[in-house]
Student: 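Structure provided below as structure tokens; questions to follow.
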Amino acid sequence: MNLAYRDIKHNLLRFTLTNFGLSLLLGIVIMITGVYGGLIDDALRQARAARADLWVVQADTKGPFAESSRIPGDTRELVSRVYGVERAGAVTYQSVQAELNGAPHRLFLIGYQLGRPGGPSKIVAGREILRSHYEIVVDRRAGLALGQEIPLGTRGHKFTVVGLMQNEVTSAGDPVAYITLRDAQRLQFEVAPPSTRREQARGGALQTNDQINAVIARVSPHVPANEVATALSRWKHLTALTQAQQETMLSMVVIERARKQQMLIMVLLVIVSAVIIALIIYTMTMDKVRSIATLKFIGAPDRTIVGLIIQQALSLGIVSYLAGMALVFIFRPYFPRRLVFDPESVAVVFIITVVMCLAASILGIRLALKVDPAEALATSG
Amino acid sequence: MAGEGRQAVVSVEHVSKYFGVGAARVDALIDINLDVYPGQVVGLMGPSGSGKTTLLNCIACISQPSSGRLTLDGEVVYDDRWLKADLRRLRLDKIGFIFQYPNLLPFLDATDNVAVVLRLAGLGSAASLSRAVELLEYLEVGHRRHALPKQLSGGEAQRVAIARALANRPRIILADEPTAPLDSQRARIVMDLLRRIAIDQNAAIICVTHDEMILDRFDHIYRLRDGRLDIEAPAGPRLEPAAR
Ligand SMILES: Nc1ncnc2c1ncn2[C@@H]1O[C@H](COP(=O)(O)OP(=O)(O)O)[C@@H](O)[C@H]1O
Ligand SMILES: [Mg+2]
């Protein structure tokens with residue numbers, strides 16, 4: 001006979017209501033984990049979508065996402081001639097503001113070389129870019145339809161939407177769009193500061209229009225990527241990062257700030273939940289003082305009584321956790337941000353919940369252990 | 001029934017108990033001497049505040065006497081200090097307690113309220129349940145075994161509480177005004193039951209009461225006055241007094 005279970009069953013309505021309230025709180029904690037998971041996933045998405053083995057960027061930068069990187073357009077030829085590199089593609093990255101369907105939208109624009117690494121990884125509707133100019137593949141989040149024409153850049157060239165992608169957004173939530181490298185370079189030139197443009201137009205300066213942000217390299221499976229990276233870094237103006245380095249760097253650097261904010265909210269929520277659980281457990285114990293006194297009187301050991309309280313605290317926590325999880329999954333499609341759950345963070349929240357419940361029981365346990373068995377004799381009953 | 005050659009189940013010798021110190025000191029029990037023999041049912045009477053509950057608590061090893069000697073079932077448990085380490089276990093095995101209010105656990109049904117003490121004593125689940133049902137039947141509340149305490153009448157609840165007190169076959173049964181919430185007819189039934197139990201289980205029963213109507217149910221009646229105990233001749237012709 002399990003006393004904790006029997007008591008819960010006896011007060012089922014209260015237990016259910018309490019759990020409902022607590023599951024909302026824990027649901028928010030779980031949701032924030034999901035938002036955080038989504039942020040990491042988004043931040044890594046572009047780096048992952050490129051399916052690169054190596055990123056060749058400007059020397060001493062953490063490009064192309066965490067820091068800006070500019071390298072000459074002919075770097076790709078240089079890279080592709082290095083031993084071990086199977087394929088290489090030049091890419092540019094820029095954020096643009098565009099009038100889409102009459103409202104301003106930010107797009108994260110990726111320029112790539114047709115047929116080379118760096119293009120869209122998955123197209124859910126339409127097709128890839130085939131013509132070298134004025135075609136665009138864009139994420140569904142931009143709200144554009146296939147065949148729609150959108151003006152980009154100061155000269156307002158119309159780009160035709162030929163393909164749509166799904167879940168290709170930046171960590172800021174901006175939809176990603178792909179255009180050809182040439183188009184991208186032209187746009188970049190157009191939006192460059194007037195002084196630079198004047199300089200470049202005069203043809204006087206060293207800088208040319210032919211600049212890229214990175215080269216994506218795919219390495220032969222028979223050659224270690226590290227070795228190729230070392231070889232590439234011999235050029236003084238280049239740095240080569242492996243995909244693993246790139247991902248670590250992005251999750252560390254790019255979302256460091258976001259993580260701090262969320263950790264703060266998370267810690268606050270956990271404290272609030274712990275206080276609430278502690279109060280619930282405490283009142284549940286208060287209500288049972290007479291039963292506890294009776295149990296002690298008839299000879300129940302302290303371990304029975306501590307067990308009763310801990311089991312109730314844990315069932316409260318675990319049931320609320322599962323209910324919170326269910327709520328999050330039910331409402332996930334309606335949530336404005338993408339929620340990504342990796343098993344590790346889900347487990348961490350679970351462990352936090354369990355620890356929280358154990359900590360919260362302390363108050364109730366102290367009360368229960370202080371109950372004088374003689375209280376069972378008190379005449380008011 | 002109780003004879004000279006028999007050993008007392010409960011033996012209280014020169015037990016005193018006070019609360020507080022200095023000016024605030026209350027002498028709740030003063031030099032109490034009391035022996036209860038197997039099969040005896042003794043009554044404890046006295047005005048409110050005279051020390052009845054305090055005396056029961058000392059015998060039940062719930063509160064510690066200030067001085068004196070307490071022997072339970074042949075074992076000295078207190079002699080100016082506790083001599084037994086595990087009073088809880090002692091209570092579980094040797095003492096059955098019937099409270100003024102049934103004090104059943106509200107979240108357990110009648111059977112489990114009885115079975116819980118058997119489980120605490122280490123009896124298996126099935127054995128506990130069958131003994132609990134057996135006890136409930138012995139107390140004529142077997143038909144109510146699945147009822148929760150709030151669904152039981154006062155008399156039924158008190159019988160379940162008595163069944164619980166009897167569960168571990170204690171040699172000592174202490175009752176603090178067990179008949180207070182019952183009408184006089186039911187009170188009489190409960191008292192007859194206690195008497196039967198005392199004989200069946202060869203137990204000693206000490207019962208606090210205010211009820212003058214049931215005085216004929218006791219072998220002895222002790223009166224407490226301001227913490228001092230007087231013995232009073234037992235009432236009722238059918239009871240033979242225990243030799244002392
Ligand atoms: N825990 C306690 N602390 C201080 N005084 C107490 C305590 N318990 C009982 N007393 C005092 O001891 C005396 C006897 O009380 P009690 O045994 O409860 O009497 P009864 O049960 O006969 O009404 C009373 O004066 C009471 O105030
Ligand atoms: Mg009393």
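Residue numbers begin at 1 in each chain, while the letters A, B, ... track the order of the sequences.
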Student: Examine whether an atom of B:P106 lies under 4.5 Å from a heavy atom of chain A, and if so say whether it belongs to the side chain, the backbone or both; otherwise answer neither.
Tutor: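 For B:P106, heavy atoms of backbone and side chain both lie under 4.5 Å from chain A.
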
Student: Rounded to the nearest 0.5 Å, what separates atom CZ in B:F107 from atom CD1 in A:I8?
Tutor: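 It comes to 10.5 Å.
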
Student: Can you tell me if CZ on A:F329 sees more than 12 non-hydrogen neighbours from other groups inside 6.0 Å?
Tutor: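 Atom CZ in A:F329 is crowded, with more than 12 foreign heavy atoms closer than 6.0 Å.
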
Student: Below 4.5 Å, heavy atoms only, C-beta onward: do B:V116 and A:L3 meet side chain to side chain?
Tutor: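 When only atoms from C-beta onward are counted, A:L3 and B:V116 do touch, with a gap below 4.5 Å.
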
Student: Pair B:N103, A:E375 - check side-chain contact (heavy atoms from CB on, under 4.5 Å), show working.
Tutor: CA-CA 11 Å; B:N103 264 346; A:E375 271 184 57; over 6 Å; no

Student: Would you indicate whether A:R366, at its atom CZ, is surrounded by more than 12 heavy atoms from other residues, nucleotides or ligands within a distance under 6.0 Å?
Tutor: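 Not more than 12 within 6.0 Å, no.
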
Student: Tell me, side chain or backbone of B:K150 under 4.5 Å from chain A's heavy atoms, or both, or neither?
Tutor: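 The side chain, not the backbone.
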
Student: Pull out the residues in residues 295-304 of chain A that come under 4.5 Å of chain B, heavy atom to heavy atom, sorted by number.
Tutor: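 From residues 295-304 of chain A, the residues near chain B are A:L295, A:K296, A:F297, A:I298, A:G299, A:A300, A:P301, A:T304.
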
Student: Using non-hydrogen atoms and a 4.5 Å limit, figure out which bit of B:A167 sits close to chain A: side chain, backbone, both or neither.
Tutor: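 It is neither, since no heavy atom gets under 4.5 Å.
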
Student: Can you tell me if OH on A:Y5 sees more than 12 non-hydrogen neighbours from other groups inside 6.0 Å?
Tutor: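 Not more than 12 within 6.0 Å, no.
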
Student: Within a radius of less than 6.0 Å around CG of B:D226, do more than 12 heavy atoms belonging to other residues, nucleotides or ligands occur?
Tutor: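 No - once you tally the heavy atoms of other residues, nucleotides and ligands closer than 6.0 Å, there are 12 at most.
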
Student: Any chance CZ of B:R89 has more than 12 other-residue heavy atoms, nucleotides or ligands included, within less than 6.0 Å?
Tutor: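 For B:R89, atom CZ is crowded (more than 12 foreign heavy atoms under 6.0 Å).
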
Student: Is a donor on one side and an acceptor on the other found under 3.5 Å between the side chain of A:H10 and the backbone of B:L108?
Tutor: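 Flag not set: sc A:H10 to bb B:L108 has no pair under 3.5 Å.
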
Student: Please say whether more than 12 non-hydrogen atoms of neighbouring residues, nucleotides or ligands are located less than 6.0 Å from CZ in B:R228.
Tutor: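 Not more than 12 within 6.0 Å, no.
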
Student: Flag the one option from B:L148, B:D112, B:I95, B:N168 with the top tally of heavy-atom pairs under 4.5 Å to chain A.
Tutor: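 Ranked by heavy-atom pairs under 4.5 Å with chain A, first place is B:D112.
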
Student: Quick check on the structure: residues of residues 46-66 of chain B within a heavy-atom distance below 4.5 Å of chain A, by number.
Tutor: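 So the qualifying residues are B:T53, B:N57, B:A60, B:I62.
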
